[in-house]
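Okay, structure first, notes after.
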Amino acid sequence: METKNEIKEQEEFIEKVKKINSNKNLKYTIITMGCQLNENDSEKICGMVEEMGYTKTNEQQNADLTIFNTCCVRENAEDKLFGKLGELKRQKEQKGLLIAIGGCKKKKKHITDKIKESYPFVDIIFGTHTLHKFPEDLYKSIQEKRKIEDVLDIDGKIYEGLPIKREDKIKASVTIMNGCNNFCSYCIVPYVRGRERSRNPKDILEEIKELANQGYKEITLLGQNVNSYLRVENEKNIPYEKYEGIDSFAKLLEAVNKIHGVERIRFVSPHPKDFTDDVIDGIANSEKICKLIHLPLQSGSTKVLKEMNRKYTKEQYLELVDKMKSRIPNLSLSTDIIVGFPGETKEDFEDTLDVVKKVKFEQVYMFIYSRRKGTLADKMQNQIPEEIKHERFDKLKALVESQIEENNKKYIGTIQKILVEGTSKNNPNMLSGRTNSNKVVIFEGQKELIGNSIDLKIVSEHMWYLKGEIL
Ligand code: 5AD
Ligand code: SF4
């Protein structure tokens, strides 16, 4: 109830800003960094901003408002932010561009301090926990012409009913839980996104039913630790609204599976330690849940996994993969791997390569370990020199690419069901879609096919995409 009133208050600010902006034909740009959760947050920011009278533009020079939705999981996103901010200084001075920075920064005080010191022209700094208050921040910034810093240091609540402007018309992401309680020793997420909290099953299902009514075909359930949905609530007896008997991730999947109109279901990112048998069976028994499962490995070395606080060993990970492969026909897996974690020896790295060879992932997201202030791993003494990290990264990349090439060949000549997503980004005369295993397929076809599932014959492979032909 409390959060409902807070949202009502923000609706009033939306109306006020809309009034100030009326007939001004204002434009905005948004720059999103980081994960799919951040992208989903950006869609909510866009929803609010568009209700306040701004229209989106891709031309930075035409913008009256620029919003950065940032990420601090790895260092390169931070560097990108500072580079872009430098570029905007002139536009700020000459045209009075309003600049807002939001996203994962809570407790990353050195970042907010750096912004305030080096980029004093930034108008608004807000955090993931204060995203819903953006209309108020913007109003105050415009009306009172003062700098706003609105980065809350408490664990966020769940806010329902924010307007949302979705990027896509076929695929939609739905955040089902926020925060993370795992504290992997390299990771800043538990500090910036706070404790785990799940949305009520009813709110999630109503959102997805509405999406299905609007014609969305593919739903991706999002959460930092998506398969521990409602776990904390159950363990700590935190009350939540009961709905259709849903008390776990497996039951939520089952309910989403029943929604008419939804054709494909994906979810990211699960944690291997929470991958329960009921979820495995649910995937096996569902036509709609895609058979590409993301299963973050991080390292193949039991010793490094322990230092990372991942709570599984190399063997347990491989056993889980075997169990999933034996129960789910046509399963393919993708993963996240970090190279160069403090103390990683040559043998530890070999263990990672060994797991990659054994599992034969469909896709591997590879990261060079990046020190994050405030995390346990940052305090470890045995940091790995940059050139060794890069050497290992290149070695892993070469292995992964050779496996992808090998794997791509298996598609040639097969018939694949493709959900057609739109025209190809690189060639507007071609259409683009994805297989169940999330591979991009480019093919010639009529635009009317967009939004439909069709069978294609795969004719060639090109590392990051396949080419297909209509049967
Ligand atoms: N350095 C490098 N990679 C990281 N990730 C998270 N934190 C770090 C870090 N400090 C990676 C993990 C995670 C993905 C989203 O980002 O692999 O699964
Ligand atoms: Fe970070 Fe680990 Fe939580 Fe994933 S599970 S968000 S890697 S702390």
Side-chain angles (χ1 to χ4, degrees), residues 32-41 70-80 103-104 106-108 111 128 155-156 175-198 220 222-229 231-232 249 267-275 293-301 304-312 317 333-344 349 352 355-356 361 363-380 383-384 386 388-390 392-393 396-397 400:
T32 307
M33 298 159 189
C35 64
Q36 291 186 53
L37 271 140
N38 249 23
E39 280 168 20
N40 194 230
D41 279 352
T70 61
C71 162
C72 61
V73 171
R74 288 174 300 276
E75 197 172 4
N76 43 11
E78 265 168 43
D79 295 343
K80 194 169 145 197
C104 299
K106 192 186 87 145
K107 287 197 185 155
K108 294 286 286 177
I111 299 182
T128 49
D155 286 329
T175 300
I176 66 164
M177 51 94 63
N178 276 315
C180 180
N181 286 359
N182 288 329
F183 289 91
C184 300
S185 62
Y186 51 81
C187 186
I188 197 71
V189 165
Y191 304 94
V192 293
R193 291 242 176 205
R195 296 290 61 73
E196 264 179 50
R197 54 216 173 269
S198 297
T220 301
L222 295 180
Q224 232 82 44
N225 196 5
V226 73
N227 57 338
S228 74
Y229 176 68
R231 189 192 58 182
V232 175
F249 183 58
F267 55 89
V268 279
S269 261
H271 194 301
K273 77 174 168 58
D274 298 318
F275 225 108
I293 303 294
H294 190 63
L295 196 65
L297 168 68
Q298 312 298 4
S299 168
S301 151
V304 173
L305 286 168
K306 190 155 198 293
E307 295 282 301
M308 285 177 161
N309 192 28
R310 290 291 292 174
K311 307 214 166 69
Y312 52 85
Y317 184 92
L333 293 162
S334 61
T335 200
D336 290 347
I337 292 177
I338 299 176
V339 297
F341 182 81
E344 183 190 70
F349 178 62
T352 298
V355 175
V356 172
F361 294 103
Q363 179 67 271
V364 181
Y365 300 91
M366 295 167 274
F367 305 104
I368 291 179
Y369 169 69
S370 161
R371 293 177 78 159
R372 304 285 71 199
K373 267 202 186 118
T375 61
L376 271 178
D378 182 47
K379 298 189 188 77
M380 292 177 184
Q383 300 288 329
I384 305 291
E386 285 302 313
I388 296 187
K389 286 191 204 169
H390 281 91
R392 290 183 185 163
F393 182 87
L396 174 64
K397 188 164 169 261
V400 166

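Quantities reported herein were computed from a predicted structural model and do not represent experimental measurements. Note that ligands are numbered from 1 as they come in the structure, with each ligand's atoms numbered from 1 the same way.
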Task: Cys187 near atom 2 (Fe) of ligand 2: N/O/S under 2.8 Å - done: no
Open item on the list: Can you report which non-hydrogen protein atom sits closest to atom 11 (C) of ligand 1, along with the distance?
Closed with: Arg74 NH1, 3.4 Å
Task: Ligand-residue contact atoms, ligand 2 with Gln224, heavy atoms, under 4.0 Å - done: 6 (S)
TODO: Provide, to 0.1 Å, the distance between atom 10 (N) of ligand 1 and the closest protein heavy atom, together with that atom's residue and name.
DONE: Ser370 O, 2.8 Å
Task: Protein residue, atom and distance nearest to atom 18 (O) of ligand 1, heavy-atom basis - done: Asp336 OD2, 2.6 Å
- [ ] Could you tell me the residue and atom name of the protein heavy atom closest to atom 2 (C) of ligand 1, and the distance to it rounded to 0.1 Å?
- [x] Ile368 O, 3.4 Å
Open item on the list: For Val268, run the side-chain contact (heavy atoms from CB on, under 4.5 Å) check against Asn227, Ile293, Thr220 and tell me which one passes.
Closed with: Thr220
Open item on the list: Checking a contact table here: which protein heavy atom is nearest atom 4 (C) of ligand 1, and how many Å away?
Closed with: Ile338 CD1, 3.7 Å
TODO: Only heavy atoms count here, so choose which of Pro296, Ser228, Cys180 is nearest to atom 3 (Fe) of ligand 2.
DONE: Cys180
Open item on the list: Please list the nearest protein heavy atom to atom 12 (C) of ligand 1 with its residue and the distance rounded to 0.1 Å.
Closed with: Gln298 OE1, 3.4 Å
Task: Val189 neighbourhood, listing ligand 2 atoms whose heavy-atom distance to it stays under 4.0 Å - done: 6 (S)
Task: Salt-bridge present (Lys373, Asp378; N to O < 4.0 Å) - done: no
Task: Min heavy-atom dist Arg310 to ligand 2 below 4.0 Å - done: yes
- [ ] Identify, by atom number and element, the atoms of ligand 1 in contact range of Val73, meaning under 4.0 Å from any of its heavy atoms.
- [x] 5 (N), 6 (C), 7 (N), 8 (C), 9 (C), 10 (N), 16 (O)
Open item on the list: Once rounded to the nearest 0.5 Å, what's the spacing between atom CZ of Arg197 and atom SG of Cys180?
Closed with: 11.0 Å
Task: Over 12 foreign heavy atoms within 6.0 Å of NZ, Lys306 - done: no
